[in-house]
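Remember, predicted model here, so these are calculated numbers, not experimental data. These values consider heavy atoms only, across backbone and side chains, with no hydrogens, waters or symmetry-generated copies. Note that the numbering runs from 1 along the sequence shown for the chain.
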Amino acid sequence: MLGEAFALAEGTDRVTAAAWLGVLRAHQSQTADALALLRPAARAQEGVAHTAATLHALLFTGHAHAVAGRPALALDAFARYTAEVDRRQVPRFGGRAVNFAGWVLRNLGAASQAHERHQRALELGQAGQGIPELAIAALQDLAEECVLAEDQDGARKRLDQARTMLTGDLVFGWRLELKHQLITARLALLRGDPRAALSAASELELKAAALGVPRYVSVARVLAHRARRALGAPGDLDAVAADLDLVEQAVAVEAWWWTGETAADFAVPAWLDVAAGRAERLARQAGEHAETLRRTAARRLDEWQALSAR
């Protein structure tokens, strides 16, 4: 339907239709197509009426750059989004790019900066400045922080808070549901319940595949492999490696640590080299955060190496 609307539209309507189609392509990790479609609305200047299309174009320009492994460009797009919200004085759009920026920064190892942005987004969402999705997304990201820190109680608390809000007609409710399922599966694996992790990951893969969202299909598959490994089931290393490659294609900003964690679980030293290569490629696109990522990746690679050697 979006494709038909874009094909039939003209003038400003065509820019708006292209922006919404670009948002869809960004969710599908089709980054080149997404950026081409988003570009006209993202370039909109003062006086252009399509506020929602313009702001979503900027937001998902950042999202597309992040999943393509260009974090510095992603952070720049998020900064432009926030500036445009302030210029247009549309506070209902506030905070979304702040939270997205926190996600990118966390994947670059800038933990304190990421936490500050997620906390700020949560405050804006709870204050009623934005829409409910903002508070939900911020709580989910804070839960992911807790998973990374192996704080099971903190992760569960934030997931429970987010779950109570995941009701009603939410604009991107489907995406928040997928993310909730992902963190639930990761938490189950952390707490030593691989059977629950496998169940949650398998359900996530089915839902994400039905919606055509490869970002969640790919990580669900990797989580399922890791859960089966924890259960003692024999693993197909070629299949695992192929799914790790899918993560790189679908969400490159996260691929280095997904690869490293999986390498540690399966005790495959060669995958640690792949993780190191993916971290370095990301660092070359990380601008001022490059050295932070390199230091974080070096530390985590040492940890994964130690786990692999057990």
Asker: Could you tell me whether the side chain of E145 and the main chain of H115 form a donor-acceptor pair under 3.5 Å?
Answerer: yes
Asker: Is it true that a side-chain atom of H180 and a backbone atom of L176 form a donor plus acceptor pair closer than 3.5 Å?
Answerer: no
Asker: Begin with the C-alpha distance, continue with both residues' side-chain angles, and end with the deciding distance and a verdict on side chain to side chain contact (heavy atoms under 4.5 Å, CB included) for L35 and R70.
Answerer: CA-CA 12 Å; L35 290 167; R70 297 185 288 266; 3.3 Å; yes
Asker: One thing to verify: whether K179 and D141 come together as a salt bridge, which I'm taking to mean a side-chain N less than 4.0 angstrom from a carboxylate O.
Answerer: yes
Asker: Taking all atoms of both residues into account, what is the closest heavy-atom pair of A250 and V67, and its distance?
Answerer: O-CB, 3.5 Å
Asker: Give the intermediate values and the outcome of salt bridge (charged side-chain N to carboxylate O under 4.0 Å, His left out) for residues E248 and R281.
Answerer: CA-CA 11 Å; E248 170 77 0; R281 284 197 296 276; 3.6 Å; yes
Asker: Which residue in the set R120, Q113, Q119 passes side chain to side chain contact (heavy atoms under 4.5 Å, CB included) when paired with R117?
Answerer: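 In the set R120, Q113, Q119, the residue that makes a side chain to side chain contact (heavy atoms under 4.5 Å, CB included) with R117 is Q113.
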Asker: Check step by step if side chain to side chain contact (heavy atoms under 4.5 Å, CB included) holds for H65 and T61.
Answerer: CA-CA 6 Å; H65 280 307; T61 292; 3.7 Å; yes
Asker: What I want to find out is whether R158 reaches D151 closely enough, with some N-O distance under 4.0 Å, to be called a salt bridge.
Answerer: no
Asker: Do R106 and H118 pair up side chain to side chain, a donor and an acceptor below 3.5 Å, judged on atom types alone?
Answerer: yes
Asker: Looking at side-chain heavy atoms only, is the closest gap between Q161 and Q140 below 4.5 Å?
Answerer: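 They are not in contact (no side-chain heavy atoms under 4.5 Å apart), so the answer is no.
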Asker: Starting at CG of L206, measure out to CG of L211 and round the result to the nearest 0.5 Å.
Answerer: 11.0 Å
Asker: Working to the nearest 0.5 angstrom, can you tell me the gap between H289 NE2 and T296 OG1?
Answerer: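 Atom-to-atom, H289:NE2 and T296:OG1 are 11.5 Å apart.
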Asker: Hey, does the side chain of Q181 reach the backbone of A200 with a donor-acceptor pair shorter than 3.5 angstrom?
Answerer: yes
Asker: Are any of the side-chain heavy atoms of P71 and L282 separated by less than 4.5 Å?
Answerer: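 Contact flag for P71/L282 side chains = yes.
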Asker: If you look at every heavy atom in F93 and Y81, which pair is closest and at what distance?
Answerer: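 Minimum heavy-atom separation between F93 and Y81: O-OH, 2.6 Å.
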Asker: One pair to check against salt bridge (charged side-chain N to carboxylate O under 4.0 Å, His left out): E133 and R175. What are the steps and the verdict?
Answerer: CA-CA 10 Å; E133 282 92 332; R175 179 174 62 85; over 6 Å; no
Asker: Shared ILVMFWY cluster between L223 and V274, side chains joined below 4.5 angstrom?
Answerer: no
Asker: I want to check something: taking the side chain as every heavy atom from C-beta on, are F172 and H27 in contact at a cut-off of under 4.5 Å?
Answerer: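 In contact.
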Asker: Using a strict threshold of under 4.0 Å (side-chain N to carboxylate O), is an ion pair present between R226 and E261?
Answerer: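 Looking at E261 and R226, the cut-off is met.
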Asker: Can we say R284 and E280 salt-bridge, meaning some charged N sits less than 4.0 Å from an Asp/Glu carboxylate O?
Answerer: yes
Asker: Please report the interatomic distance CG(L105) to OG1(T292), rounded to the nearest 0.5 Å.
Answerer: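 Separation between the atoms: 9.5 Å.
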Asker: What I'd like to find out is whether the side chain of T31 reaches to under 4.5 Å of the side chain of R25, using heavy atoms alone.
Answerer: no
Asker: Within this structure, what is the CH2-OG1 distance for the pair W304 and T259, rounded to the nearest 0.5 Å?
Answerer: 8.0 Å
Asker: Are L139 and L170 grouped together when hydrophobic residues (ILVMFWY) are joined by side-chain heavy atoms under 4.5 angstrom apart?
Answerer: yes
Asker: Less than 4.5 Å apart, any side-chain heavy atom of W258 and any of R278?
Answerer: no
Asker: Could you walk me through whether L244 and T262 satisfy the side chain to side chain contact (heavy atoms under 4.5 Å, CB included) test, starting with their C-alpha distance in whole Å, then the side-chain angles of each, then the deciding distance to 0.1 Å, before giving a yes or no?
Answerer: CA-CA 9 Å; L244 287 170; T262 307; 3.8 Å; yes
Asker: For D76, check salt bridge (charged side-chain N to carboxylate O under 4.0 Å, His left out) against everything at least two apart and list the hits.
Answerer: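 D76: salt bridge (charged side-chain N to carboxylate O under 4.0 Å, His left out) contacts with R80.
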Asker: Contact between Q152 and R156 at the side-chain level, heavy atoms closer than 4.5 Å - yes or no?
Answerer: no
Asker: What verdict does the side chain to side chain contact (heavy atoms under 4.5 Å, CB included) test give for L159 and L187, after you've listed the backbone C-alpha separation in whole Å, the side-chain angles of each residue and the deciding distance to 0.1 Å?
Answerer: CA-CA 10 Å; L159 280 177; L187 178 58; 4.0 Å; yes
Asker: Are the side chains of V104 and L108 in touch, meaning some heavy atoms are under 4.5 Å apart?
Answerer: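 Result yes, sub-4.5 Å side-chain heavy-atom pair found.
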Asker: Taking the side chain as C-beta and beyond, is there a heavy-atom pair between L148 and R300 under 4.5 Å?
Answerer: yes
Asker: Give a yes or no on whether the backbone of R195 and the side-chain of S199 come within a donor-acceptor separation of less than 3.5 Å.
Answerer: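 A pair under 3.5 Å: no.
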Asker: Is a donor on one side and an acceptor on the other found under 3.5 Å between the side chain of R299 and the backbone of R295?
Answerer: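 No, the answer is negative, given that no donor and acceptor are paired below the 3.5 Å cut-off.
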Asker: Please determine whether a side-chain nitrogen of the Lys or Arg among E150 and R191 lies less than 4.0 Å from a carboxylate oxygen of the Asp or Glu.
Answerer: no
Asker: Is it true that the NZ or CZ of R96 lies under 6.0 Å from the centre of W103's six-membered ring and within 45 degrees of the ring axis?
Answerer: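 No.
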Asker: Out of curiosity, L189 CG to D193 CG, how far, rounded to the nearest 0.5 Å?
Answerer: 9.0 Å
Asker: Identify the heavy atoms of A41 and A19 that sit nearest to each other, and give their distance.
Answerer: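 The pair with the smallest heavy-atom distance is CB-CB, 3.8 Å.
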Asker: At their closest point, which heavy atom of V247 faces which heavy atom of A255, and how far apart are they?
Answerer: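 Distance-wise, the nearest heavy atoms are CG1-CA, 3.9 Å.
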Asker: Over 60° means perpendicular and under 30° means parallel, so classify the ring planes of F60 and H56, tilted if in between.
Answerer: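 Parallel: the ring planes of H56 and F60 meet at under 30°.
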Asker: Can any side-chain N or O of W256 pair as donor or acceptor with the backbone N or O of N107 at less than 3.5 Å?
Answerer: yes
Asker: If you round to the nearest 0.5 Å, how far is CG of L204 from CZ of R221?
Answerer: 11.5 Å
Asker: Which pair of heavy atoms, one from A34 and one from A64, lies closest together, and at what distance?
Answerer: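 Closest heavy-atom pair between A34 and A64: CB-CB, 4.4 Å.
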Asker: Please check if any side-chain donor atom of R215 sits under 3.5 Å from a side-chain acceptor atom of S29, or the reverse.
Answerer: no
